[in-house]
Participant: 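Sharing a structure with you now.
What's counted below: heavy atoms across the whole structure, side chains too, no hydrogens, waters or symmetry copies. Lettering of chains follows the sequences in order, A, B, ..., and the numbering in each one begins at 1.
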Amino acid sequence: MSVIAPTYSVFVAMPELPEVETVMRGMRASLEGHRITSAVARRPDLRWPLPKNLTTILNGRRIESFRRRGKYIFMRLSGGMSMLLHLGMSGRVTLNASDDVTLHEHVTFTTEEGRRFGLIDPRRFGAIDLVPTNEEESHRFVATMGPEPLSPAFTADTLAESLAGRRSPIKAMLLDQRVVAGLGNIYVCEALFRARIHPATPAGSLTKPAIRRLVHAIRAVLTEAIAAGGSSLRDYVQPDGELGYFQHAWRVYGRAGQPCPECSKGKGKEACPGIIKIMQSGRSTFFCPRQQPEPAQS
DNA sequence: AAGCGGCCCTGAAGGC
DNA sequence: TGCCTTCAGGGCCGCT
């Protein structure tokens with residue numbers, strides 16, 4: 001008999017790559033090798049209709065492994081089937097929680113080994129689908145997705161190629177999952193700040209040094225956030241959920257009106273107006289106008 | 001065809 | 001206190 005960890009839930013406010021990675025690691029630690037003995041779907045759809053035979057197909061299968069692609073989690077099952085999971089905006093996973101069904105807990109399954117998995121998603125922007133394991137990469141959710149930002153395939157050269165000729169603001173381009181996988185509003189803001197790039201810069205006008213800084217900044221912020229989320233998951237065993245601790249490391253996101261953490265360090269900080277918020281394509285963008293000046297017009 | 005706005009959904013937060 | 005409006009955003013859809 002295996003040791004069952006204390007009850008906990010994995011909560012993330014806005015699941016981007018690091019949060020999805022954290023959730024996937026929690027699922028792997030709790031569920032890998034287990035056999036599903038019951039599955040329940042309490043509504044027919046999330047963002048899209050659930051597979052009609054979802055619970056029937058899950059039932060009896062062994063959970064063999066997990067992997068992440070962008071913001072999607074693949075749970076590979078015995079018999080050559082994979083379940084895709086997207087947490088949308090408000091997705092939360094409970095593992096080994098109580099038998100009580102939580103509000104907005106749309107899907108639940110339990111394992112022979114005594115684990116209970118629950119997917120809670122109030123806004124229902126999340127998704128679940130099934131796909132044969134050998135066809136994972138051609139599933140419509142991931143087929144057109146760009147490179148994993150932490151993989152060797154994501155380089156200044158490949159990013160420059162994607163951005164060439166594009167007049168959209170770099171902020172919008174980085175949110176496009178076809179350009180690079182897994183980034184959302186928070187980490188795009190953070191990466192642009194670290195790379196000292198104005199979010200409205202036309203993507204195709206970025207210089208190669210700027211693109212190199214951007215690739216480095218994206219890798220750094222994601223790596224740090226995964227480390228923080230991981231430690232949060234490892235240490236965190238309360239039932240009611242809490243943000244991973246990386247939220248405290250945000251330098252610009254959600255900090256409108258506050259001093260810029262970079263400008264505050266150096267001379268001339270009185271010339272910095274602090275972090276400001278603008279709207280781009282209906283999304284909020286946070287940046288420092290002094291660290292990230294508007295690009296020179298040419 | 002690139003680019004952009006609208007839409008889905010619920011809960012939190014702010015205004016009066 | 002309570003009701004109302006606004007905002008949050010991932011990703012798809014449709015219009016230009």
Participant: Between Ser168(A) and dG3(B), is there a contact of a side-chain N or O with OP1 or OP2 at under 4.0 Å?
Facilitator: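 Affirmative; the distance criterion is met.
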
Participant: May I ask you to evaluate whether His86(A) reaches the phosphate of dG11(C), defined as a side-chain N or O under 4.0 Å from OP1 or OP2?
Facilitator: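 For dG11(C), OP1 or OP2 has a side-chain N or O of His86(A) closer than 4.0 Å.
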
Participant: Taking the side chain of Arg167(A) as heavy atoms from C-beta outward, which of dG11(B), dG11(C), dG3(B) is closest to it?
Facilitator: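 Among the listed nucleotides, the one closest to the side chain of Arg167(A) is dG3(B).
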
Participant: Is the distance from OP1 or OP2 of dG9(C) to the nearest side-chain N or O of Lys171(A) less than 4.0 Å?
Facilitator: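 It does not, given that no N or O in the side chain of Lys171(A) lies less than 4.0 Å from OP1 or OP2 of dG9(C).
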
Participant: Measure CG/Asp121(A) against C1'/dG11(B) and give the value in whole Å, please.
Facilitator: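 Atom-to-atom, Asp121(A) to dG11(B), this comes out as 13 Å.
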
Participant: Between atom CG in Leu175(A) and atom C1' in dC12(C), what is the gap in whole Å?
Facilitator: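 So the two atoms are 15 Å apart, to the nearest Å.
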
Participant: Quick one: is dC9(B) close enough that its OP1 or OP2 comes under 4.0 Å of any side-chain N or O from His104(A)?
Facilitator: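 Looking at the OP1 and OP2 atoms of dC9(B), neither is under 4.0 Å from any side-chain N or O of His104(A).
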
Participant: Of the options dC9(B), dG3(B), dG10(C), whose atoms approach the side-chain atoms of Arg124(A) most closely?
Facilitator: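 Of dC9(B), dG3(B), dG10(C), dC9(B) is nearest to the side chain of Arg124(A).
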
Participant: Could you say whether Met173(A) or Leu103(A) is positioned toward the 5' end of DNA chain B, judged by the nucleotide with the nearest heavy atom to each?
Facilitator: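 Nearest nucleotide further toward 5': that of Met173(A).
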
Participant: Ring stacking, Phe125(A) with base of dG9(C), under 5.5 Å and under 30°?
Facilitator: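 The ring of Phe125(A) is stacked on dG9(C).
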
Participant: In terms of ring plane angle, is the pair Phe109(A) and Phe117(A) parallel, tilted or perpendicular, where the classes change at 30° and 60°?
Facilitator: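 Geometry flag for Phe117(A) against Phe109(A): parallel rings.
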
Participant: Touch check for Met279(A), heavy atoms < 4.0 angstrom, all strands: base, sugar-phosphate only, or nothing?
Facilitator: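 Touches sugar-phosphate only.
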
Participant: Could you tell me whether the phosphate oxygens of dG11(C), OP1 or OP2, come under 4.0 Å of any side-chain nitrogen or oxygen in Arg47(A)?
Facilitator: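 For dG11(C), OP1/OP2 do not have a side-chain N/O of Arg47(A) under 4.0 Å.
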
Participant: For Arg194(A) and Ile218(A), indicate whether the former's side chain and the latter's backbone hold a donor-acceptor pair under 3.5 Å.
Facilitator: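 The answer is no, because no donor-acceptor pair under 3.5 Å joins these two groups.
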
Participant: May I ask you to verify if any side-chain N or O of Ser90(A) is less than 4.0 angstrom from the OP1 or OP2 atom of dA8(C)?
Facilitator: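 For Ser90(A), the contact criterion (side-chain N or O under 4.0 Å from OP1 or OP2 of dA8(C)) is not met.
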
Participant: Are there over 12 heavy-atom neighbours, none belonging to Arg167(A), within less than 6.0 Å of that residue's CZ?
Facilitator: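 Not buried by this count: 12 neighbours or fewer within 6.0 Å.
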
Participant: Nearest 0.5 Å please: distance from the SG atom of Cys189(A) over to the CG atom of Leu183(A).
Facilitator: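 With rounding to 0.5 Å, SG (Cys189(A)) is 11.0 Å from CG (Leu183(A)).
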
Participant: Check the distance between dG9(C)'s P and Arg123(A)'s CZ and give it to me in whole angstrom.
Facilitator: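 Arg123(A) atom CZ is separated from dG9(C) atom P by 9 Å.
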
Participant: Side chain of Lys71(A) only, please: which of dG11(B), dG10(C), dA8(C) is the nearest?
Facilitator: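 Among the listed nucleotides, the one closest to the side chain of Lys71(A) is dG10(C).
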
Participant: Respond yes when some side-chain nitrogen or oxygen of Gln177(A) is under 4.0 Å from OP1 or OP2 of dG10(C), and no when none is.
Facilitator: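 No, because none of the side-chain N or O atoms of Gln177(A) sits under 4.0 Å from OP1 or OP2 of dG10(C).
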
Participant: Surrounding CZ of Arg178(A) (heavy atoms of other residues, nucleotides or ligands, distance under 6.0 Å), is the total greater than 12?
Facilitator: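 Check fails, neighbour count at 12 or below.
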
Participant: Hey, does Arg283(A) reach any base, or is it just sugar-phosphate, or nothing, if we go heavy atoms under 4.0 Å?
Facilitator: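 The answer is base, as Arg283(A) lies within the cut-off (heavy atoms under 4.0 Å) of a base atom.
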
